[in-house]
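Following: one structure in structure tokens, then a few remarks.
Keep in mind the model is a prediction, meaning the values are calculated, not measured. Hydrogens, waters and symmetry mates play no part in the numbers below; they use all other heavy atoms, side chains included. Below, chain A is the first sequence line, B the second, and so on; all start at residue 1.
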There are 4 protein chains.
Amino acid sequence: MYARPVEARHRGNRHGRSEAARLAVLEAADDLLVELGFASLTIEGIAARAGVAKQTIYRWWSSKTDILLESLAVDAVEHFDTAAHEDLGADLRAHLRRLAVFLTETDAGAVWLALAGQAQHDTAVAARFEAEVVLPQRERDRAPLLRAIESGALPGNEDVELAIDQLVGPIYYRALVTRQPVPARFTDALVSHYLGART
Amino acid sequence: MYARPVEARHRGNRHGRSEAARLAVLEAADDLLVELGFASLTIEGIAARAGVAKQTIYRWWSSKTDILLESLAVDAVEHFDTAAHEDLGADLRAHLRRLAVFLTETDAGAVWLALAGQAQHDTAVAARFEAEVVLPQRERDRAPLLRAIESGALPGNEDVELAIDQLVGPIYYRALVTRQPVPARFTDALVSHYLGART
Amino acid sequence: MYARPVEARHRGNRHGRSEAARLAVLEAADDLLVELGFASLTIEGIAARAGVAKQTIYRWWSSKTDILLESLAVDAVEHFDTAAHEDLGADLRAHLRRLAVFLTETDAGAVWLALAGQAQHDTAVAARFEAEVVLPQRERDRAPLLRAIESGALPGNEDVELAIDQLVGPIYYRALVTRQPVPARFTDALVSHYLGART
Amino acid sequence: MYARPVEARHRGNRHGRSEAARLAVLEAADDLLVELGFASLTIEGIAARAGVAKQTIYRWWSSKTDILLESLAVDAVEHFDTAAHEDLGADLRAHLRRLAVFLTETDAGAVWLALAGQAQHDTAVAARFEAEVVLPQRERDRAPLLRAIESGALPGNEDVELAIDQLVGPIYYRALVTRQPVPARFTDALVSHYLGART
DNA sequence: TTTTAAACGAGACGGTACGTCCTGTCTTGCT
DNA sequence: AGCAAGACAGGACGTACCGTCTCGTTTAAAA
């Protein structure tokens with residue numbers, strides 16, 4: 001029913017869980033989210049699409065958001081895994097651009113938005129979302145600024161947290177609230193304003 | 001949204017719906033949202049709390065989000081219905097503070113967040129939310145800047161849309177994503193940065 | 001919306017009910033019973049078909065069976081309103097034949113069967129059905145035998161009630177239970193057996 | 001109707017339905033029919049009384065009449081499962097008495113009457129009622145007469161169907177239509193008349 | 001001729017039960 | 001031991017009618 005990867009040849013029975021089932025569930029959840037939207041995503045539907053029993057899902061995940069969180073954790077790290085630029089401006093422009101693309105143009109971004117939405121409805125989801133998604137992302141957002149402080153391009157007393165809010169806030173606002181596109185022109189302008197106000 | 005003629009308080013028959021039932025439903029929905037959260041909000045629960053038949057709800061609203069949209073439309077207008085200040089800085093500080101309070105401290109703000117969340121799950125909700133909530137709010141956000149242009153405090157070629165994104169984006173980001181508080185110090189800093197970068 | 005019979009020109013207002021509405025309801029109920037069956041017969045459906053408000057029905061009738069009882073009372077009398085024969089055998093054969101045709105081939109018979117069915121479900125209907133339909137019919141069934149006793153064709157001590165049960169019982173049994181047709185051959189055989197056993 | 005293997009008492013999973021749930025539903029339906037009457041018998045009520053989910057009922061039965069038909073099939077067979085007498089008269093008297101008691105004095109008879117009533121309202125019920133209840137019962141009614149023909153007590157050309165109609169018809173007529181009691185005196189008289197007319 | 005009150009059409013109301021869908025738990029037999 | 005399968009109790013969904021109610025119109029008897 002689903003592909004059984006070579007490196008998982010001993011799974012699904014006496015010793016350990018089935019990696020094949022795990023991957024089939026993650027992929028089915030991602031696919032169905034994009035196809036149907038979060039509201040129409042059901043455990044039963046994921047099980048049917050993955051060719052997996054409901055019980056197998058409940059054995060390893062607690063809810064549909066739990067599945068999405070797992071799939072997101074992997075994808076987000078991959079997306080932002082990149083080398084730094086030497087110049088602070090270039091560094092920030094690349095990072096914000098990458099963030100904008102992630103949120104508005106990738107399947108993982110769709111998962112991100114869905115989870116952010118569900119976090120508004122369910123405090124348990126909100127807590128996990130903050131711990132597992134928002135804070136790690138915040139860490140990644142902070143990196144360019146910390147690098148600049150270390151290199152002396154920014155003073156040591158720079159208010160980094162406020163800077164992050166000002167740099168990424170408008171991007172999330174567009175993606176989540178106004179649903180406008182977030183072109184490079186827009187993210188570049190945010191960087192220009194930030195650097196300009198500092199001189 | 002609905003005319004409420006004084007002489008028509010006691011309807012529910014041939015010529016019009018029951019205003020009492022309408023208000024009971026809106027209030028019950030608001031209350032239950034705050035008490036239980038959006039995920040546990042059900043039409044049956046609203047009907048029971050409001051002392052109303054389910055059919056009466058379905059006669060006038062298509063879903064629980066439809067009810068919340070109606071209640072929000074009224075409350076949002078009321079919250080931001082305020083006089084302007086003479087000074088652009090004071091005007092902006094007051095407006096952003098009001099926005100922050102609305103989103104993080106009022107029941108209507110909880111409704112706003114829940115709807116923003118649901119908009120991530122359902123494109124129909126997203127469309128109505130944009131048209132009936134986001135755009136009118138955007139209009140209100142634009143007002144202080146337009147007043148400043150008219151009075152000459154800002155140049156005519158100021159990029160108003162970008163300014164709004166920079167001013168309110170971080171506030172929505174905190175309310176929706178990081179769920180940090182949004183103190184006056186934070187909104188004031190946003191205004192300072194905006195005005196400072198302009199000099 | 002409905003025909004207004006000439007003899008009802010003064011109704012529907014200050015003093016007295018609308019004969020037009022009454023007839024429209026009775027006819028709609030009969031029609032819909034035959035079209036849809038008793039189970040799908042609803043007060044709302046009757047009101048819509050008759051072009052009458054629900055309230056008008058509830059003003060004058062207590063239920064759909066109440067409507068059918070009224071319509072049946074008229075039709076049954078009409079159907080059996082007939083002259084007697086001189087000979088007991090011919091009298092009985094004509095009467096049983098008439099009963100069989102009524103139950104199995106007329107619209108009023110369909111109403112009769114529906115009410116008999118509902119009488120199994122609702123003791124209030126059963127009581128009215130017995131008083132207003134079964135007993136009057138029993139009276140009509142008795143008439144040929146009483147005439148025969150009076151004319152001397154039957155002895156005065158004849159067990160009339162048992163005779164009726166034996167004569168009409170098999171006809172109702174076929175109409176209600178086995179749903180077989182009830183041809184003249186069958187009713188004639190019942191009469192032959194009854195008269196034959198008496199010799 | 002359903003096999004009940006001894007070794008499968010505890011099902012409700014992959015390989016079969018829950019026998020416990022099935023019996024609970026049948027018993028609840030019977031009880032509630034007698035307590036409340038057919039009109040007030042609801043699927044929700046049966047589910048609640050049986051401690052069963054509505055879905056479990058809908059999984060195995062299509063309607064409340066479907067449940068009653070299943071329960072009746074068992075009970076009717078049990079009630080008439082009896083040894084034959086040697087004498088035709090005694091055989092018939094015993095059988096008619098048994099039929100009268102069934103219809104007028106047993107819970108299963110109440111179910112029988114309710115289904116006969118519903119058969120007047122719904123042709124699908126009528127079809128199943130005839131096939132699963134009336135025809136099997138007719139078979140049982142026929143047995144005494146066939147035994148008599150075989151033993152030579154009745155001639156080979158006896159009109160058995162007509163005889164059945166005349167023997168049982170009046171009993172059903174009393175039970176369904178006039179709702180009079182059906183004492184042994186009455187059923188014995190039917191037998192006497194039948195045998196007497198044959199001499 | 002005007003007033004006026006009963007019956008009317010329309011249809012919104014609080015309810016009940018419907019039949020469907022999905023939840024999360026469970027039991028079974030296979031691998 | 002993990003799995004696919006699927007029956008289970010539970011509960012919300014959105015729909016259809018129930019019987020009640022209030023509205024504004026119609027109409028003929030009373031004033």
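We find that CG of C:D122 is positioned 15 Å from C1' of F:dC18, with the value rounded to whole Å. We find that CD1 of C:I57 is positioned 13 Å from C1' of F:dC17, with the value rounded to whole Å. Atom CD in A:E19 sits about 14 Å away from atom P in F:dG2, given to the nearest Å.
Within residues 31-39 of chain B, no residue is approached by DNA chain F to less than 4.0 Å at the level of any non-hydrogen atom.
Look at A:W60 and you won't find any side-chain N or O under 4.0 angstrom from OP1 or OP2 of F:dG2. An OP1 or OP2 oxygen of F:dC8 is reached within less than 4.0 angstrom by a side-chain nitrogen or oxygen of D:R59. In this model, the phosphate group of F:dA4 is approached by a side-chain N or O of A:T56 to a distance below 4.0 Å at OP1 or OP2.
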* To do: Run the numbers on D:E44 and D:R49 for salt bridge (charged side-chain N to carboxylate O under 4.0 Å, His left out), then give the verdict.
  => CA-CA 9 Å; D:E44 298 215 328; D:R49 168 72 70 101; over 6 Å; no
Test side-chain contact (heavy atoms from CB on, under 4.5 Å) applied to B:L36 and B:L41, step by step: CA-CA 7 Å; B:L36 308 176; B:L41 184 65; 5.7 Å; no
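Taking the side chain as every heavy atom from C-beta outward, A:T56 and A:R59 approach each other to under 4.5 Å. The side-chain heavy atoms of C:H121 and D:H121, taken from C-beta on, include a pair separated by under 4.5 Å.
In this structure, A:W61 reaches neither bases nor backbone, as no heavy-atom distance under 4.0 Å exists between it and the strands shown.
Each of D:T123, D:T65, D:D122, D:D66 was checked for a side-chain hydrogen bond (donor to acceptor under 3.5 Å, both in side chains) with D:R128, and the lone residue meeting it is D:D66.
Note: C:L68 CG to C:F129 CZ = 11.0 Å, rounded to the nearest 0.5 Å. Between atom CG of residue B:D75 and atom CH2 of residue B:W112 there is a gap of 14.5 Å, rounded to the nearest 0.5 Å.
Which of F:dC8, F:dC3, E:dC13 sits closest to the side chain of D:R17 comes down to F:dC8. Side-chain atoms of A:A21 lie closest to F:dC3 of the nucleotides E:dG14, E:dG9, F:dC3.
Cation-pi check for D:R17 over D:W60 is met; the charged atom lies under 6.0 angstrom from the ring centroid and within 45 degrees of its normal.
For the pair C:K64 (side chain) and C:I46 (backbone), a donor-acceptor distance under 3.5 Å is absent.
The pair C:E27-C:R22 does not meet the salt-bridge criterion, since no charged nitrogen lies less than 4.0 angstrom from a carboxylate oxygen.
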Between the protein and nucleotides 21-24 of chain E, which nitrogen or oxygen pairs are less than 3.5 angstrom apart?
| unit_1 | atom_1 | unit_2 | atom_2 | d |
| --- | --- | --- | --- | --- |
| E:dC21 | N4 | D:Q55 | OE1 | 3.2 |
| E:dT23 | OP1 | A:I43 | N | 2.9 |
| E:dT23 | OP2 | A:E44 | N | 3.2 |
| E:dG24 | OP2 | A:Y58 | OH | 2.7 |
| E:dG24 | N7 | A:K54 | NZ | 3.1 |
| E:dG24 | O6 | A:K54 | NZ | 2.9 |

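Rounded to 10 degrees, the angle separating the terminal helix axes of the helix from E:dT1-F:dA31 to E:dT31-F:dA1, each built from five base pairs, is 0°.
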